[in-house]
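Everything below concerns the one structure shown next.
All residue numbers in this chain count up from 1 along the given sequence. Heavy-atom basis, side chains included; hydrogens, waters and symmetry copies ignored.
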Amino acid sequence: MAASIFHRITGGALSVVGLAVLTWWLAALSGGSETYASFTKVATSIPGKIVLIGLTWAFLQHLFSGIRHLVLDTGQGFELGVNKTFAVLTFVASVLLTAALWWYLLGVAK
């Protein structure tokens, strides 16, 4: 049940927050170097990184949960043990992949 609820929540978050950040980024790109510098300053601040890390996790959680739902739509994975394991794996995979991606971005890309 939690995986399904998080699937809806992350979809909504990506639609609202993700679209707002994407729109702001595109407007900053088209606004010139000063506008883009102000966007970069906010995006690289601690709160900005928290939002971007949260959006990364939301995207990955939504993606893996969507794959889970796709498998369920084929009629597979309805056994209680398999279903619970698959649901837990969506959370574990999204957290681990988010951590690995941001560890790389913050460590190597510096």
(request) Check Ser15 against Leu19 and note the closest heavy-atom contact, atom names and distance. (result) O-CB, 3.0 Å

(message) Are Phe59 and Leu55 packed together at the side-chain level, in the sense that at least one heavy-atom pair is separated by less than 4.5 angstrom?
(response) no

(message) Within this structure, what is the CG-CG distance for the pair Leu105 and Leu52, rounded to the nearest 0.5 Å?
(response) 10.0 Å

(message) Side-chain heavy atoms nearer than 4.5 Å, only ILVMFWY residues, links allowed to pass through others: does that put Leu97 and Leu101 together?
(response) yes

(request) Is it possible for you to say whether Ile53 and Val42 belong to one hydrophobic cluster, with membership spreading through side-chain heavy-atom contacts below 4.5 Å? (result) no

(message) Run the side chain to side chain contact (heavy atoms under 4.5 Å, CB included) test on Leu72 and Asn83 for me, step by step, so that the C-alpha distance in whole Å, both residues' side-chain angles and the decisive distance to 0.1 Å come before the verdict.
(response) CA-CA 9 Å; Leu72 292 173; Asn83 198 334; 4.3 Å; yes

(message) As an exercise, state the distance from NE2 of His62 to CD1 of Ile9, rounded to the nearest 0.5 Å.
(response) 12.0 Å

(message) Rounded to the nearest 0.5 Å, what separates atom OG in Ser65 from atom CD1 in Ile5?
(response) 11.0 Å

(request) Provide the closest heavy-atom pair for Ser38 versus Thr35 in the form atom of the first, atom of the second, distance. (result) OG-O, 2.7 Å

(request) Could you pull out all residues at least two apart from Trp102 that satisfy side chain to side chain donor-acceptor pair (under 3.5 Å)? (result) Thr56

(message) Working to the nearest 0.5 angstrom, can you tell me the gap between Gln76 CD and Phe86 CZ?
(response) 11.0 Å

(request) Sequence neighbours left out, what passes side chain to side chain contact (heavy atoms under 4.5 Å, CB included) with Ile67? Give chain and number order. (result) Leu63, Phe64

(request) Answer yes if Val92 and Val95 sit in the same cluster of Ile, Leu, Val, Met, Phe, Trp and Tyr residues linked by side chain heavy atoms under 4.5 Å apart, and no otherwise. (result) no

(request) Could you pull out the closest heavy-atom pair between Ala87 and Ala3, with the gap in Å? (result) CB-CB, 3.8 Å

(request) Indicate, with yes or no, if Leu60 and Val88 share a hydrophobic cluster defined by side-chain heavy-atom contacts under 4.5 Å among Ile, Leu, Val, Met, Phe, Trp and Tyr. (result) no

(message) Check the orientation of Phe6 and Phe91. Use parallel for under 30°, tilted for 30 to 60°, and perpendicular for over 60°.
(response) perpendicular

(message) Distance check, rounded to the nearest 0.5 Å: Trp25 atom CH2 versus Thr40 atom OG1?
(response) 10.5 Å

(request) Using a cut-off of 6.0 Å, state whether more than 12 heavy atoms not belonging to Trp24 lie near its atom CH2. (result) yes

(request) Rounded to the nearest 0.5 Å, what's the gap from CD on Gln61 to CG on Leu14? Could you check? (result) 10.5 Å

